[in-house]
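Taking it in order: structure first as structure tokens, then the write-up.
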Amino acid sequence: MTLDAFLPEHKRTIYCGRIRPEHVGKEVVLCGWVHRRRDHGGLVFVDLRDREGLVQVVINPEGSAEAHAKADALRVEYVLSVRGTVRRRPPGTENPSLPTGDVEVAAATLAILNESRPIPFSLDEDSDVAENVRLKYRYLDLRRPSIQAMFVRRARLARAVREYFFENGFLEVETPVLTKSTPEGARDYLVPSRVNPGMFYALPQSPQLFKQILMMAGYDRYAQIVKCFRDEDLRADRQPEFTQIDVEMSFIDRDDIFTMMEGLMARVFREVLDVTVARPIPRMGYREAMDRFGVDKPDTRFALEIADYTGLLSAAGFRVFSEIAAKGGVIRGITVPGLAESSRSELAALEEVAKIGGAAGLAWFKATDKGLASPLAKFFKEEQLAALREKSGAKAGDLILVVADTFDVACASLGRLRLHLGEKLGMIDKSLYHLLWVTDFPLLEWDKEEKRWSAMHHPFTAPLDEDLPLLATDPGSVRAKAYDMVLNGSEIGGGSIRIHRKDVQSRMFQLLDIDPDAARLKFGFLLEALEFGAPPHGGIAFGLDRLAMIFSGAKSLRDVIAFPKTQKATCLMTDAPSMVDVEQLRELSIRVTVPEKR
RNA sequence: GGGGUGGUAGUUAAGCUGGUUAUAACGCCGGCCUGUCACGCCGGAGGCCGCGGGUUCAAGUCCCGUCCACCCCGCCA
């Protein structure tokens, strides 16, 4: 078949999805894809689709014999330009499920600008297609209206962010993508330097050091929407390249960051979702979050909080419990409403959930009219059981689930169990958006494998002033001026007030067991900059992709990234990564040590 | 590195304890059809059952290995 050339008269005058009764009588030119064709032999209906939606085009042999002759060849996803007149649909043929359903376009001329092979999967919204197929033909998947809606929303989000920072006097400064590999943190993506054989750049895990340097350079308020790269294993909410809303400010303390960022949240929630954010956003200490919810990013849309029974259940009775308590462990539990009738297998399933968090087992107590029923009941005194029931607040019909283990394991297991049950029992109101600041994170955490302290946030995070003396005596209990923003149980941002004094920074490196020579080699420029008048400063970075994901109700980051990577960090559309020419490698002074497959 | 789920036509799935020619729906191709909108009606084509090996008279089905996709743990300052 011969295709029509794209002539000036084929240029669009209006989007398909924008046509309304107010356009009745007007001549329009539409450009779009054939979403569906209904050929009645005589009359042909074509649903023409573009970015803004779809509209029904009617091709009548009596109206335009030429257009009708062409219509016979039309297939799904052919690209058309249609000139025609908007008219009201005959009474009784309106389609109320379509925004354009009261009108249709009567085609006068029709240009077939391109044809399409039969598409490998249906673009219908209700068709459920395997993700690997969708990702291979990502350009087709991206045509789906619901996917396009996500990218429209994401673009609106990014625009709101830029406008907010612009209005508040922030400067957008670009930072390098080819930069220096730094120790600590995630694995780097490396880029070989051809002109410096044997040497490598790293792609930034974040522009952390550059934004701090910008503060030292006097740029005061910086914000950038920027790509970051981390070579770690993927998850539904983790991609190797992702986008941060990166922010840094000078001459500020934590409250200034909170206030400014609460303004940002209010702005984007208003612009993207038309939701009002209640300010100030609640704050919770890290320790409280762990105690009450078992995680540092609590979903506060529902209760089901964790209670501590260490004192209560370790005293005499059950030896497993008392031994764990004696070793410094904890005995904690959650009280689940209405689950006392759970079967053996249902309880076993809950135990499996707890085990993912590391728990060795899950104890349970069923609250009845008479008291607490449990295989463990015989190990405890009547008063203990009564006290447990009292403290748990369990009513008849409720189920108390108990984990006894180290603090970390108990938190991980019960936190996971809590989310699992909250979801399963429909305790989460999905229409809610709960924002929360989590503050006072530990400065350091003990790295069991390397047997040394490592920075929980990053090595440039300032300790709380009142905890400074503890640096020498009890580093593990030092809290940091670090904070995360949590939305519905998801970490959407995190930051800190930075160290701006060289002596404190040097002590930090000392604690982290980074010797002065190594520190100079890796961060020499930062340490030196600290000697030339570094202002007090701090900042934060938000995960733009994660925000877009939550705003769209997506289950995976891949849904809100136009060209995402698979779990093995490959791109099914381009087939990246791939082998390169030997000559390319020679130029880069690189030899590959992987044996060739077959 | 580890645990789990899945892989059968272009797509989505069925195929039980191994047993004639591997089913269905949608899509595709041909024909008919002037008010449909998941249009309808008639006819047709379409398969390396992910890949490799094994057990067996016989494997889509059982066993071993492997690849791919997804979820999770570790990892992610």
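Note on naming: letters A, B, ... go to the chains in the order of the sequence lines (proteins, then strands), and numbering restarts at 1 for each one.
Within the 4.0 angstrom heavy-atom criterion, only backbone atoms of the sugar-phosphate kind lie near A/P120; the bases stay farther away. Among the protein residues, A/Q208 comes within range of the nucleic acid bases, having at least one heavy atom under 4.0 Å from a base atom. Within the 4.0 angstrom heavy-atom criterion, base atoms lie near A/S206. Contact annotation for A/R89: base contact, defined as any heavy-atom pair under 4.0 Å involving a base atom. A/E104 comes within contact range of at least one nucleobase, with a heavy-atom separation under 4.0 Å. Among the protein residues, A/Q239 comes within range of no part of the nucleic acid, since none of its heavy atoms lies under 4.0 Å from any strand. Counting any heavy atom pair closer than 4.0 Å across all strands shown, A/D231 reaches no nucleic acid atom.
Atom pair A/R187:CZ and B/C75:C1' shows a separation of 6 Å (rounding to whole Å applied). Atom CD of A/E241 is separated from atom C1' of B/C76 by 16 Å (rounded to the nearest Å). In this structure, the CG atom of A/D47 is 14 Å from the P atom of B/U36, given to the nearest Å. B/U11 atom C1' lies 16 Å from atom CD of A/E125, rounded to whole Å. Distance, A/M456 CE to B/C75 P: 12 Å, rounded to whole Å. The CG-C1' distance, from A/L54 to B/U36, rounds to 14 Å in whole Å. Whole-Å rounding puts the A/Y137 OH to B/G10 C1' distance at 9 Å. To the nearest angstrom, C1' of B/C72 lies 14 Å from NE2 of A/H420.
Nucleotide B/A24 has B/U12 as its partner under the Watson-Crick or G-U criteria, with both atom distances under 3.5 Å. Pairing of B/C41, defined by two Watson-Crick or G-U wobble distances under 3.5 Å, is identified with B/G31. Across all strands shown, B/G6 forms a Watson-Crick or G-U wobble pair with B/C68, both key distances being under 3.5 Å. B/C57: Watson-Crick or G-U partner is B/G19, with both key distances under 3.5 Å. When both distances must be under 3.5 Å, the Watson-Crick or G-U wobble mate of B/G47 does not exist.
OP1 and OP2 of B/A38 both lie 4.0 Å or more from every side-chain N or O belonging to A/R36. When the side-chain nitrogen and oxygen atoms of A/R38 are compared with OP1 and OP2 of B/U36, none of them lie within a distance under 4.0 Å. Applying the 4.0 Å criterion to OP1 and OP2 of B/A69, one finds that A/T570 has a side-chain N or O inside that range. For the pair A/R235 and B/C75, the criterion of a side-chain N or O lying under 4.0 Å from OP1 or OP2 is not met. OP1 or OP2 of B/A69 has not a single side-chain nitrogen or oxygen of A/K568 nearer than 4.0 Å. At B/G27, none of the side-chain N or O atoms of A/S122 fall inside 4.0 Å of OP1 or OP2 (strictly under the cut-off). Dashed line: the shortest gap from a side-chain N or O of A/R558 to OP1 or OP2 of B/C71 is under 4.0 Å. Listed pair A/Q567 / B/C71 meets the phosphate criterion, a side-chain N or O lying under 4.0 Å from OP1 or OP2.
Here the side chains of A/P564 and A/Q239 are in contact, with some heavy-atom distance below 4.5 Å.
Spacing between B/U5 and B/C63 at atom P, rounded to whole Å, works out to 13 Å. Distance noted for atom C1' between B/C68 and B/C76: 24 Å (whole Å). Spacing between B/G60 and B/G15 at atom C1', rounded to whole Å, works out to 8 Å. Here, B/G1 and B/A58 have their C1' atoms 40 Å apart, quoted to the whole Å. If you take atom C1' in B/G27 and the same atom in B/U12, they sit 11 Å apart, rounded to whole Å. For the P atoms, the distance from B/C42 to B/G4 is 49 Å, rounded to whole Å. For B/A45 and B/G30, the C1' atoms lie 10 Å apart once the distance is rounded to whole Å. A gap of 13 Å separates the C1' atoms of B/G10 and B/C29, to the nearest Å.
Judged by distance alone, with hydrogens and angles left aside, A/R37 brings no side-chain donor or acceptor close enough to the base of B/C37 to form a pair under 3.5 Å. The base of B/C37 sits within donor-acceptor range of the side chain of A/N95, with an N or O pair under 3.5 Å. A/E232 contributes no side-chain N or O that forms a donor-acceptor pair with the base of B/G74 under 3.5 Å. Residue-to-nucleotide contacts include no donor-acceptor pair under 3.5 Å from the side chain of A/N132 to the base of B/G7. On a pure distance criterion of 3.5 Å, no polar donor-acceptor pair joins the side chain of A/R134 and the base of B/U11.
Here B/G35 is the nucleotide among B/U11, B/G35, B/C71 with the atom lying nearest to any side-chain atom of A/L43. Of all nucleotides listed (B/C76, B/C33, B/G35), B/G35 comes nearest to the side chain of A/R87. The listed nucleotides are B/U36, B/C75, B/C76; the one nearest the side chain of A/D233 is B/C75. Comparing B/C70, B/C29, B/C72 by their closest approach to the side chain of A/A236 singles out B/C72. With B/C28, B/C75, B/U11 as the candidates, the nucleotide lying closest to the side chain of A/P118 is B/C28.
A stacking contact links A/F45 to B/U36: the aromatic ring centre lies within less than 5.5 Å of the base's six-membered ring centre, and the planes differ by less than 30°. Evaluation of A/H40 against the base of B/U36 yields no stacking contact (centre distance < 5.5 Å, interplanar angle < 30° required).
Mapping A/N60 and A/E94 onto RNA chain B via the closest heavy atom, the residue that lands nearer the 5' end is A/N60. Each of A/P61 and A/G185 lies near RNA chain B, and the nucleotide nearest A/P61 is the one positioned closer to the 5' end.
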* Asked: Could you walk me through whether A/T406 and A/D408 pass the side chain to side chain donor-acceptor pair (under 3.5 Å) check?
  -> CA-CA 5 Å; A/T406 61; A/D408 290 347; 5.6 Å; no
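Using a 4.0 Å cut-off between a side-chain N of Lys or Arg and a carboxylate O of Asp or Glu, A/K565 and A/E241 qualify as a salt bridge. Salt bridge status for A/R134 with A/D141: present, with a side-chain N to carboxylate O gap under 4.0 Å.
Evaluation of the salt bridge (charged side-chain N to carboxylate O under 4.0 Å, His left out) test over residues 494-505 of chain A, restricted to residues two or more places apart or in two chains, returns A/E248-A/R498, A/R501-A/D503, A/K502-A/E531.
Of all heavy-atom pairs spanning A/P459 and A/Q505, the tightest one is O-NE2, 2.9 Å. Nearest approach of A/R238 to A/D233, heavy atoms of both residues: NH2-O, 2.6 Å.
You'll find the ring centres of A/F229 and A/F242 outside the 6.0 Å limit.
In summary, the side chains of A/D188 and A/S181 do present a donor paired with an acceptor at a separation below 3.5 Å, with no hydrogens or angles considered.
Relative orientation of the A/F460 and A/F523 rings is perpendicular, given thresholds of 30° and 60° on the angle between their planes.
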